[in-house]
Amino acid sequence: MSTNFKTCLFGGFDREDVISYIEQSSRENRERIDELTSSNETLSRQNEELSRQNEELREKAEKYTSVAETLAALQARTSELVKRAEELAAENETLRVQANEYQSLKDHIAEIEISAHKRTEEFRAAAIAKLHDLVSEQRGWCAQRREQYAAAHESVCRQIRAAQEAIGDVDLSGFDQMDEKLRELADSLDK
């Protein structure tokens, strides 16, 4: 605003020019105060919203920390189950060798019986029955272990799926929104 005042005949400035200048300066200052007040209210609302979003994100972070701890526990349990499955597989292989040895024994008995012709049919039947019992026991044992392995496998798979679902639902869009609001806030502060 120009401050060129007209001078009066008797010295000094023209009173109407000075009053007009003061009124216009007062209006401009009021308008600027109103703008600053409005801007302050907007920034306060934005700050409240960002604080609310920050609290929500903090709660989500705590939730995800809990999920991560659960996942770590499930992974440890999975490792234990895998180790146990390997132990049982080794035991199963040992039993398979024994079953092969039993089959070999059966074949050897048959050779002895044919070549010797001295053994009676009862001894042969008893040996075969014994082998059938052993095979039956082994089959029963294998069936029982198979069910245990299947149940353990299903349990581990369920736990892994549950952990994957819990982790797969992560929504990070709040961080993008917060970043945008903070950028706007920073830009408005620089103006």
Side-chain angles (χ1 to χ4, degrees), residues 1-92 144-191:
M1 176 173 189
S2 174
T3 56
N4 293 333
F5 298 120
K6 294 183 212 170
T7 55
C8 290
L9 202 60
F10 296 104
F13 296 106
D14 184 17
R15 177 183 166 116
E16 287 182 25
D17 283 349
V18 172
I19 290 173
S20 174
Y21 172 76
I22 292 172
E23 287 175 351
Q24 186 172 355
S25 291
S26 177
R27 257 190 321 273
E28 289 174 356
N29 286 337
R30 270 193 303 269
E31 288 172 1
R32 183 67 181 142
I33 288 171
D34 289 344
E35 287 175 15
L36 291 173
T37 301
S38 174
S39 177
N40 186 35
E41 290 172 357
T42 300
L43 291 174
S44 292
R45 282 191 302 273
Q46 289 174 348
N47 187 35
E48 288 173 6
E49 176 63 19
L50 290 173
S51 293
R52 184 190 62 73
Q53 290 176 356
N54 188 35
E55 185 59 32
E56 288 175 2
L57 291 173
R58 188 183 333 271
E59 290 172 4
K60 286 181 180 179
E62 290 173 2
K63 177 184 172 186
Y64 295 138
T65 299
S66 173
V67 168
E69 290 170 357
T70 302
L71 178 60
L74 288 173
Q75 287 173 336
R77 180 67 179 137
T78 299
S79 294
E80 291 172 9
L81 291 173
V82 166
K83 182 180 177 183
R84 180 65 180 140
E86 289 171 354
E87 290 170 358
L88 291 173
E91 182 181 342
N92 191 27
Q144 187 179 32
R145 293 301 180 261
R146 178 180 290 152
E147 290 176 10
Q148 290 174 349
Y149 292 157
H153 177 264
E154 181 60 30
S155 174
V156 168
C157 288
R158 253 193 324 276
Q159 291 173 355
I160 289 172
R161 282 192 297 272
Q164 287 173 335
E165 289 174 9
I167 291 174
D169 292 336
V170 175
D171 180 14
L172 302 176
S173 63
F175 286 107
D176 295 334
Q177 293 172 356
M178 179 183 276
D179 185 50
E180 181 61 32
K181 294 295 183 183
L182 290 172
R183 187 178 296 116
E184 289 175 9
L185 179 62
D187 291 346
S188 69
L189 293 175
D190 290 340
K191 292 181 181 178

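In what follows, residues are counted from 1 in the order of the sequence shown. Keep in mind that what you see is a predicted model, and the values were worked out from it rather than measured.
- Rounding to the nearest 0.5 Å places CG of Leu189 at 8.5 Å from OG of Ser39.
- Within the model, atoms CG of Asn54 and CG of Leu182 stand 9.0 Å from one another, a figure rounded to the nearest 0.5 Å.
- Looking at heavy atoms from C-beta onward, Asn92 lies out of side-chain contact with Arg145 at the 4.5 angstrom threshold.
- Across Leu57 and Met178, no two heavy atoms sit closer than the pair CD1-CE, 3.6 Å.
- For the atom pair CG (Asn40) and CZ (Arg45), the distance works out to 10.0 Å, reported to the nearest 0.5 Å.
- For the pair Ser20 (side chain) and Glu16 (backbone), a donor-acceptor distance under 3.5 Å is absent.
- Arg183 meets the side chain to side chain donor-acceptor pair (under 3.5 Å) test with Asp179, Glu180; sequence neighbours excluded.
- With sequence neighbours excluded, the residues that form a salt bridge (Lys or Arg N to Asp or Glu O under 4.0 Å) with Glu49 are Arg52.
- Lys181 is not listed as a side-chain neighbour of Gln46, based on a closest heavy-atom distance of 4.5 Å or more.
- Atoms OG1 and CG, on Thr42 and Leu185 in that order, are 11.5 Å from each other to the nearest 0.5 Å.
- The stretch residues 58-69 participates, sequence neighbours left out, in these salt bridge (Lys or Arg N to Asp or Glu O under 4.0 Å) pairs: Glu55-Arg58.
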N/O donor to acceptor pairs below 3.5 angstrom from side-chain atoms of residues 29-36, sequence neighbours left out:
unit_1: Asn29; atom_1: ND2; unit_2: Ser25; atom_2: O; d: 3.3
unit_1: Arg30; atom_1: NH1; unit_2: Ser26; atom_2: OG; d: 2.9
unit_1: Arg32; atom_1: NH1; unit_2: Glu35; atom_2: OE1; d: 3.3

For residues 149-163, which side-chain donor-acceptor pairs fall under 3.5 Å, sequence neighbours excluded?
unit_1: Tyr149; atom_1: OH; unit_2: Leu88; atom_2: O; d: 3.2
unit_1: Glu154; atom_1: OE2; unit_2: Arg161; atom_2: NH2; d: 3.3

Distance-only donor-acceptor pairs under 3.5 Å for side chains of residues 76-86, two or more places apart:
unit_1: Arg77; atom_1: NH1; unit_2: Glu80; atom_2: OE1; d: 3.2
unit_1: Thr78; atom_1: OG1; unit_2: Leu74; atom_2: O; d: 2.8
unit_1: Ser79; atom_1: OG; unit_2: Gln75; atom_2: O; d: 3.1
unit_1: Arg84; atom_1: NH1; unit_2: Glu87; atom_2: OE1; d: 3.4

